[in-house]
There are 2 protein chains.
Amino acid sequence: MDNLASKEFEPLKLENQLCFTIYAASRLMTRHYQPYLDELGITYPQYLVFLVLWEKDGVGVNEIGCKLYLNTNTLTPLLKRMEQLSFIKRIKCCEDERKVLIFLTDKGKDLKLKAKNIPEEMAKTLNCNLGKAMCLKNELDQLIHKMLK
Amino acid sequence: MDNLASKEFEPLKLENQLCFTIYAASRLMTRHYQPYLDELGITYPQYLVFLVLWEKDGVGVNEIGCKLYLNTNTLTPLLKRMEQLSFIKRIKCCEDERKVLIFLTDKGKDLKLKAKNIPEEMAKTLNCNLGKAMCLKNELDQLIHKMLK
DNA sequence: TTCATTTATATCGCTTGCGATGCAAATTAA
DNA sequence: TTAATTTGCATCGCAAGCGATATAAATGAA
């Protein structure tokens with residue numbers, strides 16, 4: 001890290017941008033998942049919605065949004081596509097007619113089995129040690145926490 | 001990190017996904033830049049193109065794409081919008097008529113001065129130590145390197 | 001030279017992502 | 001109870017991203 005010691009650290013150089021590294025890592029990660037998700041017939045953001053629903057379904061749109069930091073203007077069309085693919089059902093809540101509850105269909109539930117090995121595959125292909133990955137995740141979580149304030 | 005020690009580490013849990021953390025950090029980072037970029041009248045991906053061009057302009061579309069890991073199908077419309085805003089000029093290369101060289105206009109060059117303090121502002125608002133940030137960046141660069149192979 | 005291949009960029013269609021806005025149901029205040 | 005406000009979701013419009021495909025210029029092979 002000569003850049004740190006050197007007096008000519010250039011803040012506007014691309015290679016010094018943490019933000020760009022995160023941005024690039026995110027897009028490359030999505031690409032890296034794609035072949036595996038293609039097999040399941042889903043996209044990466046849809047995969048994230050599944051991760052939420054596999055833990056607990058019958059939740060409102062906004063509850064999914066809170067967990068993924070996504071607004072309804074992104075989620076509504078995304079969820080409609082997932083419904084079109086019959087992975088989920090969108091059902092109006094009886095107690096509160098404003099709410100739309102999201103339920104997994106059998107097809108959606110079954111997908112969990114097919115997805116089971118994806119994290120392992122990722123770790124393998126990225127030659128990624130679990131401890132190190134969780135450490136990196138922790139650093140990023142701290143950054144996220146600062147940005148949410 | 002009890003998850004690491006515990007036998008019930010659930011690979012499909014959202015909170016255990018490094019990929020999601022990177023994805024979330026990327027989007028939140030873009031949001032975090034937005035007020036600053038709004039002042040300049042540019043978007044975040046456009047800012048990245050500027051970072052490339054401020055270092056060296058008169059480059060081909062593909063050279064920008066290599067540095068940002070973006071393809072021409074993303075860059076062409078993006079660069080056309082930047083030209084519409086008269087930040088850049090797209091000029092056919094004489095020696096090789098296939099190439100389109102991207103040049104900054106004066107307006108585009110002047111923007112560098114206005115952007116000068118953005119990295120510093122970011123570090124400040126994120127309460128981010130330079131050494132730690134570069135360390136995190138280094139970790140992510142290693143991950144990126146694995147995904148590019 | 002002529003035709004096939006490669007290279008550089010562009011076009012098309014689709015899915016995010018999100019600001020601005022709309023709308024109906026629920027809640028609160030008066 | 002009635003009106004104002006809040007809440008939850010949807011719609012619209014635009015800018016990325018990107019796979020698939022197209023096109024024209026350059027290069028290479030015959």
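These numbers were taken from a predicted model, which means no experiment stands behind them. Sequence lines set the chain letters: A, B, ... in the order given, protein chains first and strands last, and positions in each chain run from 1.
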*Asks:* So Thr43(B), base contact, sugar-phosphate only, or nothing? Heavy-atom distance under 4.0 Å.
*Replies:*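 Result for Thr43(B) = sugar-phosphate.
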*Asks:* Which is more 5' along DNA chain D, the nucleotide nearest Val59(A) or the one nearest Gln34(A)? Just name the residue.
*Replies:*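 Between the two, 5'-proximity favours Val59(A).
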*Asks:* Under 4.0 Å, heavy atoms only, any strand: does Glu63(A) hit a base, just the sugar-phosphate, or nothing?
*Replies:*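 Here Glu63(A) touches no strand at all.
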*Asks:* Taking CG from Leu28(B) and P from dG17(C), how many angstroms apart are they, rounded to a whole number?
*Replies:*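 Atom-to-atom, Leu28(B) to dG17(C), this comes out as 12 Å.
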*Asks:* Over how many whole Å does the gap from Asn71(B) atom CG to dA22(D) atom C1' extend?
*Replies:*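 That distance rounds to 16 Å.
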*Asks:* Please state how far atom CG in Leu101(A) lies from atom P in dA10(D), giving the value in whole angstrom units.
*Replies:*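 So the CG-P distance, Leu101(A) to dA10(D), works out to 11 Å.
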*Asks:* Hey, does the side chain of Thr76(B) come within less than 4.0 Å of dA10(C)'s phosphate (OP1/OP2), counting only N and O?
*Replies:*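 Result: yes.
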*Asks:* Identify whether any heavy atom of Thr72(B) sits under 4.0 Å from a base atom; if not, whether one sits that close to sugar-phosphate; answer base, sugar-phosphate or nothing.
*Replies:*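 Base, at least one base heavy atom under 4.0 Å.
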*Asks:* Heavy atoms only, 4.0 Å cut-off, all strands: where does Lys92(A) land among base, sugar-phosphate and nothing?
*Replies:*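 If one applies the 4.0 Å heavy-atom cut-off, Lys92(A) turns out to touch nothing in the nucleic acid.
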*Asks:* Remember a base hit wins even if backbone is also touched, and classify Asn62(B) as base, sugar-phosphate or nothing at under 4.0 Å, heavy atoms.
*Replies:*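 The residue Asn62(B) makes sugar-phosphate contact but no base contact.
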*Asks:* Would you please confirm or rule out a distance under 4.0 Å between OP1 or OP2 of dA10(C) and any side-chain N or O of Arg98(B)?
*Replies:*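 The answer is no; no side-chain N or O of Arg98(B) sits under 4.0 Å from OP1 or OP2.
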*Asks:* Is the distance from the ring center of Phe87(B) to that of Phe50(B) below 6.0 Å?
*Replies:*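 Yes, ring centres under 6.0 Å apart.
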*Asks:* Give a yes or no answer on whether the side chain of Lys107(A) reaches the backbone of Leu85(A) with a donor-acceptor pair at less than 3.5 Å.
*Replies:*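 Yes; at least one donor-acceptor contact below 3.5 Å.
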*Asks:* Return the 5'-most residue of the pair Val100(A), Thr74(B) with respect to DNA chain D, ranking by each residue's nearest nucleotide.
*Replies:*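 Residue closer to the 5' terminus by nearest nucleotide: Val100(A).
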*Asks:* With the side chain of Arg27(B) defined as its heavy atoms from C-beta on, choose the nearest nucleotide among dT9(C), dC18(C), dA26(D).
*Replies:*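 From the listed options, dC18(C) comes nearest.
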*Asks:* Looking only at the side chain of Asp96(B) (C-beta and beyond, no hydrogens), which of the listed nucleotides dA25(D), dG17(D), dA26(C) gets closest?
*Replies:*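 Closest nucleotide among those given: dA25(D).
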*Asks:* Under 4.0 Å: is that the gap between some side-chain N or O of Arg90(B) and OP1 or OP2 of dA10(C)?
*Replies:*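 Yes, within the criterion.
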*Asks:* Starting at atom OH of Tyr44(A), determine the distance to atom P of dC18(D), rounded to an integer number of angstrom.
*Replies:*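 After rounding, the gap between these two atoms is 14 Å.
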*Asks:* Heavy atoms only: give me the nearest Ala25(A)-Leu140(B) pair and the separation to one decimal.
*Replies:*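 That would be CB-CD2, 4.3 Å.
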*Asks:* Quick one: does any side-chain atom of Thr105(A) pair with a main-chain N or O of Ser86(A) as donor and acceptor, under 3.5 Å?
*Replies:*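 Pair found, side chain donor or acceptor close to backbone of Ser86(A).
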*Asks:* Side chain of Gln46(A) only, please: which of dG17(D), dA8(C), dT16(C) is the nearest?
*Replies:*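 The nucleotide sitting nearest to the side chain is dT16(C).
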*Asks:* Ring centres of Tyr36(B) and Tyr47(B) under 6.0 Å apart?
*Replies:*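 No, ring centres 6.0 Å or more apart.
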*Asks:* Need one value for Asn73(B): base, sugar-phosphate or nothing, where a base atom within 4.0 Å counts as base even if backbone is also close, heavy atoms only.
*Replies:*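 Base: the residue Asn73(B), judged by heavy atoms under 4.0 Å, touches a nucleobase.
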*Asks:* Need one value for Leu70(A): base, sugar-phosphate or nothing, where a base atom within 4.0 Å counts as base even if backbone is also close, heavy atoms only.
*Replies:*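 Counting heavy atoms under 4.0 Å across all strands, the contact made by Leu70(A) is with sugar-phosphate only.
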*Asks:* Does a nitrogen or oxygen in the side chain of Lys99(A) sit under 4.0 Å from OP1 or OP2 of dA10(D)?
*Replies:*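 Lys99(A) to dA10(D) OP1/OP2: no side-chain N or O under 4.0 Å.
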*Asks:* Mind checking if Leu75(B) touches a base, just sugar-phosphate, or nothing, with heavy atoms under 4.0 Å?
*Replies:*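 No contact at all - Leu75(B) keeps every heavy atom at 4.0 Å or more from the nucleic acid.
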*Asks:* In whole Å, what is the span from the CD1 atom of Ile64(A) to the C1' atom of dG17(C)?
*Replies:*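 Roughly 16 Å, once rounded to whole Å.
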*Asks:* Between C1' on dT16(C) and CG on Leu79(A), what's the gap in Å once rounded to a whole number?
*Replies:*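 After rounding, the reported distance stands at 13 Å.
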*Asks:* Would you confirm whether Trp54(B), through its side chain, and Lys13(A), through its main-chain N or O, come within 3.5 Å as a donor-acceptor pair?
*Replies:*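 Absent.
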*Asks:* Within this structure, what is the CZ-to-C1' distance between Arg81(B) and dG17(D), rounded to whole angstrom?
*Replies:*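 Atom CZ in Arg81(B) sits about 11 Å away from atom C1' in dG17(D).
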*Asks:* Roughly how many Å is it from CD in Glu83(B) to C1' in dA10(C), rounded to a whole number?
*Replies:*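 Spelled out: CD on Glu83(B) to C1' on dA10(C) is 14 Å.
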